[in-house]
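Everything on this sheet refers to the single structure shown next.
Treat the numbers as computed from the prediction; the structure is a model and nothing was measured. We count residues from 1, following the sequence as given.
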Amino acid sequence: MEIDYSDKQIENICLYNKQAQKALGRPIAKKLQRRLADIDSADNVRELVAGRPHPLIGDREGQFALDIGGGARLVFEPDEPIPRLDDESINWGIVGEITIVFIGNYHD
C-alpha cells in the first residue's frame, strides 16, 4: 500500500527510528516499524493480519487501527476517493492508499 502522513510529526515518527523512540519508547517504536512494514507489503487494508486490524467507530468512524503495543495504536484513513460499498461503508478490501493520522493511545 501507499502511505501518506497527516503531518510532519507523524511522518518523522514513522520514517526516523530515533524520533519514534523519543516519542513512543524503544519497544513500541520497534513494533511500529513492523506494522509499517506490514502495511507496505500489503496490497489493501484487508490483507493486514498483525496488530488486530479493525475499523473504528464513534468519533473515529472512517478510520482504521492497528495495535502497536501498550495501548498504542497506529490509526489511518483511506485516501480520496474513498471506495464505498452499497451501504455507504468503506470498502477496505480495495483501499490501497492510506494516510496515517495518529500514533499513540487515543484513550488517554
Check: Does Gly93 offer a backbone N or O that forms a donor-acceptor pair with the side chain of Asn44 under 3.5 Å?
Finding: yes
Notebook entry, point to check: Can you tell me if Ser6 uses its side chain to pair, donor with acceptor, with the backbone of Ile100 under 3.5 Å?
Noted result: yes
Margin query: Would you say that Trp92 contacts Pro53 through its side chain, given a criterion of any heavy-atom pair below 4.5 Å between the two side chains?
Written below: no
Next item on the list: Please examine the side chains of Ile103 and Cys14, heavy atoms only from C-beta on, and report whether any two atoms are closer than 4.5 Å.
Entry: yes
Check: Among the clusters formed by ILVMFWY side chains lying less than 4.5 Å apart, do Val101 and Leu15 turn up in the same one?
Finding: no
Next item on the list: Please report the C-alpha distance between Phe76 and Leu66 in whole Å, then the side-chain angles of each, then the deciding distance to 0.1 Å, and finally whether the side chain to side chain contact (heavy atoms under 4.5 Å, CB included) criterion is met.
Entry: CA-CA 9 Å; Phe76 58 85; Leu66 300 175; 4.2 Å; yes
Margin query: For Ile13 versus Ala23, what's the shortest heavy-atom pair and its separation?
Written below: CD1-CB, 3.7 Å
Notebook entry, point to check: Can you tell me how far the CG atom of Leu48 sits from the NE2 atom of His54, to the nearest 0.5 Å?
Noted result: 12.0 Å
Next item on the list: Would you give the length of the straight line joining atom CD1 of Ile90 to atom CZ of Phe64, rounded to the nearest 0.5 angstrom?
Entry: 10.0 Å
Note to self: With clusters defined by side-chain heavy atoms of hydrophobic residues (ILVMFWY) lying less than 4.5 Å apart, directly or transitively, does Ile68 cluster with Leu36?
What the structure shows: yes
Check: Sub-3.5 Å donor-acceptor pair from the side chain of Ser89 to the main-chain atoms of Leu85, do we have one?
Finding: no
Note to self: Are Val95 and Tyr5 connected into the same hydrophobic cluster when the rule is that any two of I, L, V, M, F, W, Y join if their side-chain heavy atoms are below 4.5 Å apart?
What the structure shows: yes
Checklist line | Approximate separation, where rounding is to 0.5 Å, of Ile28 CD1 and Leu74 CG | finding: 12.0 Å
Note to self: To the nearest 0.5 Å, what is the distance between CG on Asp59 and CD on Glu61?
What the structure shows: 10.0 Å
Checklist line | Donor-acceptor contact present, side-chain Glu11 to main-chain Asp7, <3.5 Å | finding: no
Notebook entry, point to check: Same cluster for Ile10 and Tyr16 if Ile/Leu/Val/Met/Phe/Trp/Tyr side chains link at under 4.5 Å?
Noted result: yes
Note to self: The test is side chain to side chain contact (heavy atoms under 4.5 Å, CB included); show your working for Ile82 and Arg84 and say whether it passes.
What the structure shows: CA-CA 6 Å; Ile82 299 171; Arg84 301 275 181 187; 3.8 Å; yes
Next item on the list: Indicate yes or no: at least one non-hydrogen side-chain atom of Ile98 is less than 4.5 angstrom from one of Glu77.
Entry: no
Next item on the list: Work out which heavy atom in Ala50 is nearest to a heavy atom in Arg35; give both atom names and the distance.
Entry: CB-NH1, 3.7 Å
Notebook entry, point to check: Can you tell me if CZ on Arg26 sees more than 12 non-hydrogen neighbours from other groups inside 6.0 Å?
Noted result: no
Check: Do Val75 and Leu32 belong to the same hydrophobic cluster, where Ile, Leu, Val, Met, Phe, Trp and Tyr are linked whenever their side-chain heavy atoms lie under 4.5 Å apart, directly or via other members?
Finding: no
Notebook entry, point to check: If you draw a 6.0 Å radius around CD in Gln9, do more than 12 non-hydrogen atoms from other residues or ligands fall strictly inside?
Noted result: no
Check: Do the side chain of Arg73 and the main chain of Asn105 share a donor and acceptor less than 3.5 angstrom apart?
Finding: no
Margin query: Are Gln63 and Arg60 packed together at the side-chain level, in the sense that at least one heavy-atom pair is separated by less than 4.5 angstrom?
Written below: yes
Note to self: Can you confirm whether more than 12 heavy atoms, excluding those of Asp86, are under 6.0 Å from its CG atom?
What the structure shows: no
Check: How many angstroms lie between atom CG of Asn17 and atom NZ of Lys22, to the nearest 0.5 angstrom?
Finding: 14.0 Å
Next item on the list: To the nearest 0.5 Å, tell me how far Lys8 NZ sits from Gln19 CD.
Entry: 10.5 Å
